Protein chains: 2
Amino acid sequence: MSKTAKKRLSNCAVVYGLDIFGDRWTMLVLRDMILHGKRRYGEFLESEEGIATNILADRLKRLAAEGLVTVSRDPDNRRSNIYTLTEEGLSLMPVLFEIMNWSANYCELNERRTLLVKRIREDREGLMAEIRAREAALRNAA
Amino acid sequence: MSKTAKKRLSNCAVVYGLDIFGDRWTMLVLRDMILHGKRRYGEFLESEEGIATNILADRLKRLAAEGLVTVSRDPDNRRSNIYTLTEEGLSLMPVLFEIMNWSANYCELNERRTLLVKRIREDREGLMAEIRAREAALRNAA
DNA sequence: AAAATAACTTGTAATTTGCAAGTTAAATTT
DNA sequence: AAATTTAACTTGCAAATTACAAGTTATTTT
């Protein structure tokens, strides 16, 4: 039995979640999709953390395999893939926001990020609704 | 500049948090401390995921270095170290609970774990208060 | 004094990550 | 139509990390 399958059988919610999205690079891709609306391979490459191309390809493949994103060809530019968050992916927003909320107590953020954390703390539901509306609009435009 | 220092300067709250506690084994140690009240090296080794001894030692050292736990000698058995959550460590409960909440939508849990998630969803503040009271009692007993 | 316990450390094989160059399909330019 | 550029990867390989198994050290128990 593969390591992944064995771990799935542990039946622990923390293990389950960590195996699906807990990887550092996976979380950063999800951040870029959720917070910045990024959808294309090249956009993820532009993030300041400098992810390697083989790692990005691998993580996108895993996200799709796990059902957190869907992949489709851009009909206007068939060289491009478009990655879109599913409901399962979007429902990770609370996890992402709690990570940010915690970190904001302990690290120094620039003004833009400080405002984002303020919004998470004061109007988290509103922010989530905005992000969902943005994703719905993107899906309908396709 | 070391990789860790370089990443700290990214000033992103998600990166910051992931670098401190995002590692899979670190999260599992935190789970054992928060949910199960584990405090000793041998107790962490007993978890069903089967962490390697060198990895456990490394993660406990990092948690202490980052200020999420403190280490002290058990005065009654000086072979033992006692690991205790700090406020910084305890304040990760929302992150842990959101991971569990998310996972419970997608994986099958046994009855005990299902009840725990139910409690997180229905009385998260009560559960957090209980855990904090337990940790305070442990600190006072020392 | 000898044996057992608790918490590691060490050496090393296996696996993963990350770098840099290369490949393929599709679009654009010449 | 051919050549070049673009977008998204794949590949080979070095470096780093993980995990296994045995060993070490300090302390307690017998």
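Since the model is a prediction, treat every value here as computed from it, not as a measurement. Proteins get letters first, then strands, A, B, ... in listed order; numbering begins at 1 in each.
By the 4.0 Å N-to-carboxylate-O rule, B:Glu46 lies too far from B:Arg40 to be salt-bridged with it. Ion pairing between A:Lys118 and A:Glu122 holds under the 4.0 Å rule for side-chain N and carboxylate O. With respect to A:Glu98 and A:Arg124, a salt bridge is recorded, a charged nitrogen being found less than 4.0 Å from a carboxylate O. Comment: B:Arg59 does not engage B:Glu66 in a salt bridge, judged by the lack of any side-chain N to carboxylate O separation of less than 4.0 angstrom.
We find that CG of B:Leu45 is positioned 14 Å from C1' of C:dT9, with the value rounded to whole Å. Rounded to a whole Å, the NZ atom of A:Lys38 is 15 Å from the P atom of D:dA7. What separates CD1 of B:Ile55 from P of C:dT10 is a distance of 14 Å, to the nearest Å. Distance CG (B:Asp58) to P (C:dA7): 17 Å, rounded to an integer number of Å. In this structure, B:Glu49 places its CD atom 13 Å from P of D:dC20, rounding to the nearest Å. For B:Asn81 and D:dA26, the CG to P distance is 14 Å, given to the nearest whole Å. Protein atom CD of A:Glu43 is 13 Å distant from nucleotide atom P of D:dC9, rounded to whole Å. If you measure from atom CZ of A:Arg39 to atom P of D:dA8, you get 12 Å, rounded to the nearest angstrom.
Of the candidates D:dA8, C:dC8, C:dA7, the closest approach to any side-chain atom of A:Arg40 belongs to D:dA8.
Here the side chain of B:Tyr41 pairs a donor or acceptor atom with the backbone of B:Thr53 at under 3.5 angstrom. Here the side chain of A:Thr26 pairs no donor or acceptor atom with the backbone of A:Gly22 at under 3.5 angstrom. A distance-only check finds a donor-acceptor pair linking the side chain of A:Tyr16 to the backbone of B:Tyr106 [under 3.5 Å]. Of the possible polar contacts, one joining the B:Arg73 side chain to the B:Arg79 backbone as a donor-acceptor pair under 3.5 Å is found.
Between the side chain of A:Asn54 and the base of D:dC9, no donor-acceptor pair under 3.5 Å is found.
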Could you spell out the base pairing of DNA chain C as a dot-bracket line? Use Watson-Crick and G-U wobble contacts where both distances are under 3.5 Å, [ ] for crossing pairs, | for partners on a different strand. ||||||||||||||||||||||||||||||
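Distances shown here put a side-chain N or O of A:Tyr83 below 4.0 Å from the OP1 or OP2 atom of D:dC9. Regarding contacts with the backbone of D:dA19, every side-chain N or O of B:Arg59 stays at 4.0 angstrom or more from both OP1 and OP2. Within the 4.0 Å cut-off from OP1 or OP2 of D:dA19, at least one side-chain nitrogen or oxygen of B:Trp25 is found. Within the structure, a side-chain polar atom (N or O) of A:Lys61 is placed less than 4.0 Å from OP1 or OP2 of D:dT10. Under 4.0 angstrom from either OP1 or OP2 of C:dG18 there lies no side-chain N or O belonging to A:Thr53.
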Contact string for nucleotides 23-30 of chain C, one letter per nucleotide 5' to 3', B = base within protein heavy-atom range under 4.0 Å, S = sugar-phosphate only, - = neither, reads ---BS---
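Residues A:Gly50 and B:Leu60 both approach DNA chain C. Their nearest nucleotides, taken by heavy-atom distance, put B:Leu60 toward the 5′ side.
Minimum interatomic distance between B:Ala13 and A:Leu109 (heavy atoms only, all atoms of both residues): N-CD2, 3.8 Å.
To the nearest 0.5 Å, atoms CG (A:Asn11) and OG (B:Ser103) are separated by 11.0 Å.
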